[in-house]
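Encoded as structure tokens, the structure appears first; notes follow it.
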Amino acid sequence: MVRSGSVANAHSSSLQRSLETFFGIGPYSRQRIMARFHLHDTMKVGDLTQTQVLDLTAHLDAMKLENHLRRQIQQDIQRLRDTGTYRGRRHAMNLPVRGQNTRSQIKTARKLNRVERH
Amino acid sequence: MSLSVCADCLSRLRVLNRPKTTYTVPIAATTFPRVSSFHSSSAAAKNNVLVKSKKGVKVIPPKHRGSQSAKMKKKVRERPKPPAIGERRAQRHRIVLSNTNALEVPGMEDWSKENMVDVQNAGHVLGLDGALLDKLRDCKAFKTTQNWSLFRRPATLIRSETIKIGQEMQDINRSQDTKTVRQLITGERASGKSILGLQAMCMAFMNDWLVLNVPEAQEFINNTSSYAPLKQEGTQPQSEQLYIQPHLTQALLTRALHSNEAVLKTLKFNHEFPKHLPLKQGTATLKDLVQLGANDHTFAWPVWQAFWREISEPGAKPRPPVLIVVDGVDHWMGPSKYRSAEYEIVHAHQLTLVRQFLGLFFSKPGESRPFANGGALLFSTTGSNSPAYPTFSLLINQLRARAQNLDASAPEFPLPAPYSKPDAHVLELMSGTGDVELIDLKSLSVAESKGYMEYFVRSGLLRAKITESSLAELRGLSGGGVVGELAKLGRRARL
């Protein structure tokens, strides 16, 4: 598996949970991945057969996950900023991007909306 | 001589520099604020600074803003050790069949092959003997929701429905014609549907039938067991993709193996089995075949197919009658929790085992008989965990209408509601309901309730005399004699 180390550690943990630990896989894509390879809900990582592991690995390899995904998000924000869009500027200023009020309650925006996000 | 005022208080007594001639009240100290009428030293010493410091001991100035509460040494909380892995589950699934605190019921007969369908036993509670219990346990006939753990030894109430099923089984035993009985058991919650299935299994074991039990139909559809698409054989494309469930097939074979070991040992092959199964042609028995599937889930499906062929297709060697019991069949009447590779919902009827069992039960007229030497199919619905599948309720209503001799063309005959979207898979089954008999389990009769409650009295659970009036009261409180509710009243402590 892409992160075979993490999976080997989680031998007895549920496959659902293990899949969702990847950045970029939530319940939505997890359900689809599991259905694609006919894996049932209560499956443990240790129950996977060798072929299932290989299939799953190949599928996860093709997906944009973890650092690839993080980099892409970062690049998207960078692009917005470089082209001088309003959204890019708001990101650069650590302010809400989607038209929220800024009188109070913009803590999350201050924390998250930045060019170097992660 | 002890002083009435303490020494510290005296030290704070201000001696006025007045001529001694003038009269001073020695009690002037009373004008000072007195902290305590009996002792003041601790009050004066409340400030640490005032306390004389010992040599070498650093005096810590008081923290005025800090907490003034006394510092307690933090106790290490003793955490109870959690139970070992699997222990909780084992506790949840444990079947307890006896209670040594309960009284032994004197003169209770055992249920055996001889008195199996004795009409005089209706309303009596009969005991189950040891060999039978092992078989029932192996095929998972007992459930945790039933009250076996209350009594000294397992025993069961013989109802009129039990005797009816027993008589039909005896007919199958006697008749030369291979007949298959199909019965759908419905009824309210706690009306004794699962117990009736268990009783049918008992009778089948007494007569050396082959018994296959599905104790929880829900397991087949709730996406908690492995599944895989069935490879399409032949060139003709099937209308829909079917799925096999290797682990559930393995579990089914395991139950079949352990509960029918003696019967399976005696059965030899009638047909050739697939070559990839590691069995010895000629000497192998059906027990070896089933054992193979029970040991390894990868063999489970081909083994099941071979096993099924052996018991259903007639051949040179005779086969015993077969009983198939399924509990909670309504879960099989709708979409399952499984998804296809394209993330489409898999219908319960796309699962091969479910399809096979339902195909047997709702077989269309003119189709071949399911078992080589006859048998019975006993499917029961669930009352407490029933999913809302209107098409299946319609099917039951149609069966009910047919039992009342209502013609299908009659205006009162139940039909799908207009503008509703009935489940096409379940609608298909309706054409095969011709042979299906509906057993609508209602409450117990008065005689049966009396027999049952007296069993509670004789076991020491119910400390009351069962008179006509008290029985009427109990029946009234239990929805007119619903057996599970009666049992609840029987076990309730009266203080």
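Residue numbers start from 1 in every chain, and the chains themselves are labelled A, B, ... in the order their sequence lines are given, proteins ahead of strands.
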Notebook entry, point to check: Residue by residue, which of residues 97-107 of chain A have a heavy atom closer than 4.5 Å to a heavy atom belonging to chain B?
Noted result: none
Notebook entry, point to check: Around atom CZ of A:Arg110, are there more than 12 heavy atoms of other residues, nucleotides or ligands at under 6.0 Å?
Noted result: no
Could you list the donor-acceptor pairs under 3.5 angstrom formed between side-chain atoms of residues 247-257 of chain B and any protein atom two or more places apart in sequence or on another chain?
residue  : atom : partner  : partner atom : Å
B:His247 : ND1  : B:Ser226 : OG           : 2.7
B:His247 : NE2  : B:His297 : ND1          : 3.4
B:Thr249 : OG1  : B:Gln245 : O            : 2.6
B:Gln250 : NE2  : B:Ala294 : O            : 3.0
B:Thr254 : OG1  : B:Gln250 : O            : 2.6
B:Arg255 : NE   : B:Asn213 : O            : 2.9
B:Arg255 : NH2  : B:Asn213 : O            : 3.0

Check: Shortest non-hydrogen contact from A:Thr42 to B:Thr224?
Finding: OG1-O, 3.1 Å
Next item on the list: Would you please name every residue forming a side-chain contact (heavy atoms from CB on, under 4.5 Å) with A:Arg79, sequence neighbours left out?
Entry: A:Asp76
Notebook entry, point to check: Given a strict heavy-atom distance threshold of 4.5 Å, which part of A:Ile33 is in contact with chain B: side chain, backbone, both, or neither?
Noted result: neither
Check: How close do B:Ser340 and A:Ala35 get, heavy atom to heavy atom, and via which atoms?
Finding: O-CB, 3.4 Å
Next item on the list: Please name the pair of heavy atoms, one in A:His40 and one in B:Tyr227, separated by the smallest distance, quoted to 0.1 Å.
Entry: N-CE2, 4.3 Å
Next item on the list: Step through the shown structure and confirm whether more than 12 heavy atoms of other residues, nucleotides or ligands are within 6.0 Å of CZ on A:Arg87.
Entry: no
Checklist line | Spacing of A:Met34 atom CE and B:Tyr343 atom OH [to the nearest 0.5 Å] | finding: 10.5 Å
Check: How about A:His38 and B:Tyr243: are their ring centres within less than 6.0 Å of each other?
Finding: yes
Item checked: A:Tyr86: side-chain contact (heavy atoms from CB on, under 4.5 Å) partners, not counting sequence neighbours -> A:Arg89, A:Arg90
